[in-house]
Amino acid sequence: MIEVDGLSKRYGGTVAVDDLSFTVRPGRVTGFLGPNGAGKSTTMRMMLDLDRPSGGRVRIDGRRYRDLDRPLLRVGALLEARSTHGGRSARQHLRWLARTNGIGEARVRAVLDQVGLADTGHRRTKGFSLGMGQRLGLAAALLGDPPVLLLDEPVNGLDPEGIVWLRALVRGLAAEGRTVLVSSHLMSEMALTAEHLVVIAHGRLLADTTVDEFVAEY
Ligand code: ADP
Ligand code: ADP
């Protein structure tokens with residue numbers, strides 16, 4: 001479970017996140033919907049302690065991210081920032097992540113397979129397409145088999161087949177009891193992926209409701 005309580009973030013004169021409160025519950029996909037610039041990425045970065053709130057707080061399963069023991073095993077995250085992993089291959093990158101987090105080698109093969117990179121995992125990530133980069137980011141997020149997943153615009157760069165695949169994966173992960181927050185600026189995408197919606201604009205909460213209710217009311 002993720003609890004966001006009165007969260008705010010200002011960058012100079014810009015209010016990116018404005019007194020936001022909501023809860024992300026396990027066992028269903030929660031869509032984090034809002035136009036570009038609404039504050040979704042900033043909120044997710046604050047959930048991961050990558051950005052400091054100007055006010056308010058976030059708790060993940062009752063704790064601050066920085067207080068989690070072996071966070072990669074508690075929270076898997078796919079963010080928008082992309083790196084080339086120092087010229088390493090996808091497999092090397094995942095092996096390194098696994099080693100530094102006490103995760104067994106078998107899990108590397110499992111996640112490469114799970115994200116459809118079994119045959120391309122040996123290639124340097126520098127030559128990866130955007131979609132392959134997203135798949136690798138997802139593999140890294142899944143590596144620790146975490147009960148909480150934060151995915152920021154995960155369909156970016158995926159082809160139509162990949163988008164359908166991702167939707168099924170995300171729904172399956174939630175159905176297994178995980179807490180899953182997926183951001184998107186597309187209502188059409190969220191309607192097909194999420195059961196619950198947290199909708200924001202200009203950093204403020206617009207709706208916190210089921211997809212069905214949101215479609216009926218707005
Ligand atoms: P979204 O993910 O919904 O597209 P963001 O969280 O990226 O929105 O951005 C929210 C607002 O905060 C935007 O106005 C954006 O320009 C601003 N912003 C985000 N990150 C920074 C930053 N590091 N410095 C200054 N402004 C930022
Ligand atoms: P078990 O391994 O005992 O069957 P799990 O809950 O570990 O139970 O896994 C059930 C299914 O969910 C497996 O098919 C596995 O591939 C998948 N799975 C488990 N953990 C993850 C994860 N973090 N990300 C994606 N799929 C997972």
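In each ligand, atom 1 is the first atom listed, and ligand 1 is the first ligand listed. Quantities reported herein were computed from a predicted structural model and do not represent experimental measurements.
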Any M47 side-chain heavy atom under 4.5 Å of L150 side chain: yes
Compare all side-chain heavy atoms of M132 with those of R123 and state whether any distance is below 4.5 angstrom. yes
G37 near ligand 1 by a heavy-atom separation under 4.0 Å: yes
What do you reckon, does H185 put a non-hydrogen atom under 4.0 Å from ligand 1? no
Using heavy-atom distances, let me know which of V17, T42, N36 sits nearest atom 9 (O) of ligand 1. T42
Which residue holds the protein heavy atom closest to [atom], what is that atom called, and what is the gap in Å?
| atom | answer |
| --- | --- |
| atom 12 (O) of ligand 1 | A16 CB, 3.2 Å |
| atom 8 (O) of ligand 1 | G39 N, 3.0 Å |
| atom 14 (O) of ligand 1 | T14 CG2, 3.9 Å |
| atom 19 (C) of ligand 1 | Y11 CE1, 3.4 Å |

Going by a strict under-4.0 Å cutoff (protein heavy atoms only), does atom 16 (O) of ligand 1 have a neighbour on the protein? no
Report yes or no: does [X] contribute a side-chain atom to a donor-acceptor pair with the main-chain N or O of [Y] at less than 3.5 Å?
| X | Y | value |
| --- | --- | --- |
| R178 | P146 | yes |
| K40 | P35 | yes |
| R70 | N101 | yes |

[X] neighbourhood, listing ligand 1 atoms whose heavy-atom distance to it stays under 4.0 Å:
| X | result |
| --- | --- |
| P35 | 3 (O) |
| A38 | 1 (P), 3 (O), 8 (O) |
| R45 | 20 (N) |

Is there a nitrogen or oxygen of S41 sitting under 3.5 Å from a nitrogen or oxygen of ligand 1? yes
Charged N to carboxylate O below 4.0 Å: is that the case for D67 and R59? no
R57 and E3 ion-paired at < 4.0 Å: no
Measure R10 to ligand 1 on non-hydrogen atoms and call it side chain, backbone, both or neither using the 4.0 Å cut-off. neither
Taking 4.0 Å as the limit for heavy-atom contacts, which would you say applies to S183 with ligand 1: side chain only, backbone only, both, or neither? neither
Is it the case that the side chains of E80 and S41 hold a donor-acceptor pair, with the cut-off being a distance below 3.5 Å and no angle test? yes
Out of D208, T30, T209, which residue meets the side-chain hydrogen bond (donor to acceptor under 3.5 Å, both in side chains) rule with H196? D208
